[in-house]
Structures are given as structure tokens and as C-alpha cells.
Participant: 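Got a structure for you, written out below as C-alpha cells; questions coming shortly.
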Amino acid sequence: MVEQQSGAAAVGLRRERPTARAARSWAAGSWRTPSWALLPAGLVSLAGFTLLVLHQPLIGYGLLVLALAVSAVVDRALFRDLLLVAFSLTVMSLVPITTDISVDHMTVMGAAMILAVGVPYAVSRFIYRDHAITFPVRTGQPWTRAEKWYLPAVLVIGYALLPVYMLGTGVYANWPAADEPGEVARLFVGTNGLGVLDELFFICTVFALLRRHLPRAQANILQAVLFTSFLWELGFHAWAPFFIFPFALLQAFIFTRTRSLSYIICVHLLFDFVLFLVLIHAHNRAWIDIFVW
């Protein structure tokens, strides 16, 4: 009987998800917890802002090199993880990040985003073998009542916020008008596909890697800077950072609590669905005339 229990425990350990192993390696502490890792990680975040918002490649790439040099001195494991983030930021900076829905542009930008997500995952899993990057879709845990109620709340928030923002500021003009069925389909695919890739990269990759070396608050703020910078480059200008930055913080917080990629993607895609409808209406005011702004 004892042997059977021991065997069952051993099987349980062998079946333990990589997500659990990675979670236990996350750093402890609060925002005020001092850490030498904060300096190179902050430089990487600043580099992303410089590359994507300020469009200063020379300074941006210089900051990435400096961040990697400092991290190599501070901690070898930190250097390896920041190298993955720096690679992805470099790839993203080399392609135009716009809302163009032409097939050629969507192919180029989609390929860059897939590389930005796929290469760090492959390196972490097959070269580093630390399973630091995981995409937990089926967690085996049911959503709580609060999590279920939050989903329709996201729709309500999107309905109240996005028309005021997009039409009130005229930012919708940063997206092309979709008049033909093929254009509408590509706008839908592009909007939702990019939403999925946002979560795969900024939350499951950047946040997860930073979280191994920094307390949650520090890692969260740094990933939110990158998340907001990317969407600014995409076309979310005017006062968008005032709601995108908190949204990015909240997504990472929810991921920390739920360990569920599928849940944060549901949240993001519900918001993006409202965005899609608003964009269609903004360019064709007689279409989907359901918004008050």
C-alpha cells in the first residue's frame, strides 16, 4: 500500500505542469523591493518605448545592447531571458506596425509577430529547457463566478468607452475603411488575431520572463509600458494610453491569478469585438448604428 502511494506521488510529480514549475520560480517581493535586475529590465522596456513610440532606432538598439551588457554582469539567467525579449523587440521594430489590412502587410506583420512569440518559446523549451514560457489553455480549473461576470462587464465597458474614444478623437481614421466583404473579413481577422498575439507576447512571454527576476508589480509595469507602446505604434493615439496601460496591468494580474491564457484571450477578444464594430460604424455611419457617443 505504501509503495502504491509512493508510486502515485511520483507519477503526480512527473505529470506536474511546466506552468507550476515556472510559477514557483517567480520572484517574491513588492514594488519597493530593491533588485539589480530592475536596471537592465527597465532599460529593455525603455528601449521598446524608444523604438516603437519615439522611432529612434539608434538609441533604442543601443539601450538593448546596454541592457544585455548590464544583465550579463548582474545574472546569467537574467541575461538569457532579456536576450529573448530583446530579440522579439528587434523583430517587431523591423516591420511596419500599422493597421493596413492588405494581404501583403498582414502577412509580413503576422510573420514578425509569430517569430516574436515562437522563437522565445522554442528557445526556452528546447534550448534553455526551463519551460519559463507556457501557454496554458486548459488549466483544469473552472472559472469563478467573478471571472464569469467580468466577461459581460468587458463588453459593457467597451461599448461605453470605445465609441467615445474612437469617434470623439477621430483616431478611427488610423484604421482603413472596410467597405467590401473581403475587407471586413480581413479587418475582423486582423483585429482578433493581433489581440491573441498581444496576450501571447506581452503577458505569456514578456511578463512571464520578467516575473522570474522581478516582483510582480515591477514586472507588470515594465510589460505594460511595452504593451502600451506597441498599441500606440499601431494607431491607438490621443488619450489611449490612459486606458490601455491599466488594461495591460489588469491582464497580467488576471493571468497571475488564473494561470489561464484562454481566459485573458477571451477578455481581450471581447474588447476587440466591440472595437471591430466601432470601426465599421465609424467609417460607415449607417452600419451598426447602435452606439451612443
Side-chain angles (χ1 to χ4, degrees), residues 19 23 31 99 134-169 171-172 174-175 184 187-208 211 216-217 219-232 234-282 287-293:
T19 305
W31 169 249
T99 57
T134 59
F135 305 125
V137 176
R138 300 180 62 183
T139 63
Q141 299 295 324
W143 294 348
T144 66
R145 179 177 298 180
E147 289 164 0
K148 292 177 181 178
W149 276 107
Y150 180 58
L151 297 178
V154 170
L155 287 174
V156 174
I157 294 170
Y159 178 84
L161 174 66
L162 289 175
V164 175
Y165 165 67
M166 299 296 290
L167 284 82
T169 63
V171 167
Y172 73 88
N174 291 337
W175 280 256
V184 173
L187 178 63
F188 181 81
V189 171
T191 302
N192 289 276
L194 190 59
V196 173
L197 289 169
D198 284 345
E199 300 301 328
L200 293 177
F201 179 65
F202 295 107
I203 304 301
C204 290
T205 301
V206 175
F207 176 69
R211 190 68 183 84
R216 182 178 66 191
N220 201 357
I221 288 176
L222 294 183
Q223 73 80 19
V225 169
L226 292 176
F227 202 135
T228 307
S229 299
F230 176 81
L231 291 185
W232 176 277
L234 186 67
F236 287 90
H237 296 167
W239 46 272
F242 290 101
F243 65 85
I244 291 177
F245 189 82
F247 176 76
L249 292 174
L250 186 57
Q251 287 292 88
F253 175 78
I254 292 173
F255 182 71
T256 301
R257 295 291 298 272
T258 65
R259 301 289 197 273
S260 174
L261 170 62
S262 54
Y263 184 77
I264 61 172
I265 284 180
C266 284
V267 171
H268 198 135
L269 293 189
L270 286 172
F271 204 75
D272 281 350
F273 178 67
V274 180
L275 172 65
F276 167 75
L277 297 180
V278 171
L279 289 173
I280 295 296
H281 172 68
W287 296 5
I288 317 179
D289 191 11
I290 60 174
F291 300 103
V292 179
W293 58 282

Participant: Testing the basics here: between His281 and Trp287, what is the closest heavy-atom pair and its distance to 0.1 Å?
Facilitator: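 Minimum heavy-atom separation between His281 and Trp287: ND1-O, 2.9 Å.
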Participant: What distance do His268 atom NE2 and Leu200 atom CG have between them, rounded to the nearest 0.5 Å?
Facilitator: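 CG of Leu200 is found 11.0 Å from NE2 of His268.
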Participant: Rounded to the nearest 0.5 Å, what separation is found between the CG atom of Leu155 and the CZ atom of Phe273?
Facilitator: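 It comes to 8.0 Å.
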Participant: For Phe271, look at atom CZ and say whether over 12 heavy atoms of other residues, nucleotides or ligands are found less than 6.0 Å away.
Facilitator: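 Count over threshold, so yes.
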Participant: Assess the residue pair Val184 and Phe276 against the criterion (side chain to side chain contact (heavy atoms under 4.5 Å, CB included)); give the C-alpha distance rounded to whole Å, side-chain angles, the decisive distance to 0.1 Å, and a yes or no.
Facilitator: CA-CA 9 Å; Val184 173; Phe276 167 75; 3.7 Å; yes
Participant: Hey, are the side chains of Leu279 and Thr99 touching, using non-hydrogen atoms and a 4.5 Å cut-off?
Facilitator: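 The answer is no, as the side chains (C-beta and beyond) never meet within the 4.5 Å cut-off.
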Participant: Nearest 0.5 Å please: distance from the CG atom of Leu226 over to the CG atom of Leu231.
Facilitator: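 If I round to the nearest 0.5 Å, the distance is 11.0 Å.
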Participant: Locate the shortest heavy-atom distance separating Ser260 from Val137; write the atom from each residue and the value.
Facilitator: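 Residues Ser260 and Val137, closest heavy atoms: OG-O, 4.5 Å.
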Participant: Any chance you could lay out the side chain to side chain contact (heavy atoms under 4.5 Å, CB included) test for Thr139 and Thr258, step after step, and finish with the verdict?
Facilitator: CA-CA 9 Å; Thr139 63; Thr258 65; over 6 Å; no
Participant: Of the non-hydrogen atoms in Gly158 and Pro163, which two are nearest, and what is the gap between them?
Facilitator: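 Gly158 and Pro163 have their closest heavy atoms at O-CD, 3.5 Å.
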Participant: Do any pairs count as a side-chain hydrogen bond (donor to acceptor under 3.5 Å, both in side chains) and have a residue in residues 148-167, sequence neighbours left out, and if so which ones?
Facilitator: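 Output for this query is empty, none listed.
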Participant: Is there a side-chain contact between Trp143 and Leu151, using heavy atoms and a 4.5 Å cut-off?
Facilitator: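 Yes, close enough: below the 4.5 Å cut-off.
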Participant: Can you see which heavy atom on Leu261 is nearest to which on Cys204, and at what distance?
Facilitator: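 Nearest pair, atom of Leu261 first, then Cys204: CD1-SG, 3.6 Å.
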Participant: So which atom in Asn174 and which in His237 form the shortest heavy-atom distance, rounded to 0.1 Å?
Facilitator: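 Shortest heavy-atom separation between Asn174 and His237 comes out as ND2-ND1, 3.8 Å.
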Participant: With side chain to side chain contact (heavy atoms under 4.5 Å, CB included) as the test, would you mind laying out the steps for Ile203 and Gln223 before giving the verdict?
Facilitator: CA-CA 7 Å; Ile203 304 301; Gln223 73 80 19; 3.7 Å; yes
Participant: Say whether, by atom type as modelled, one donor and one acceptor occur between the side chain of Asn220 and the main chain of Arg216 under 3.5 angstrom.
Facilitator: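 Absent.
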Participant: Listed by chain and number, what are the ring-ring contact (aromatic ring centres under 6.0 Å, His included) partners of Phe202, not counting sequence neighbours?
Facilitator: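 Testing Phe202 for ring-ring contact (aromatic ring centres under 6.0 Å, His included), a comparison that skips the adjacent residues, returns Phe227, Phe230.
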Participant: Nearest 0.5 Å, please: how far is CG in Leu249 from CD1 in Ile254?
Facilitator: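 Reported value, rounded in 0.5 Å steps: 11.0 Å.
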Participant: Would you check, one step at a time, whether the test side chain to side chain contact (heavy atoms under 4.5 Å, CB included) holds for Met166 with Trp175?
Facilitator: CA-CA 10 Å; Met166 299 296 290; Trp175 280 256; 3.7 Å; yes
Participant: Where do Leu187 and Thr191 come nearest, in terms of heavy atoms and distance?
Facilitator: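 Smallest heavy-atom distance, with atoms named: O-OG1, 2.7 Å.
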Participant: List the residues meeting ring-ring contact (aromatic ring centres under 6.0 Å, His included) with Phe245, not counting sequence neighbours, and say none if there are none.
Facilitator: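 Once residues adjacent in sequence are excluded, Phe245 has no partner under the ring-ring contact (aromatic ring centres under 6.0 Å, His included) criterion.
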Participant: How long is the straight-line distance from CG of Asp198 back to CZ of Phe247, given to the nearest 0.5 Å?
Facilitator: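 Between atom CZ of Phe247 and atom CG of Asp198 there are 8.5 Å.
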Participant: Give, for atom CD1 of Ile280 and atom CD1 of Ile288, the distance between the pair rounded to the nearest 0.5 Å.
Facilitator: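 Going from the CD1 atom of Ile280 to the CD1 atom of Ile288 covers 6.0 Å.
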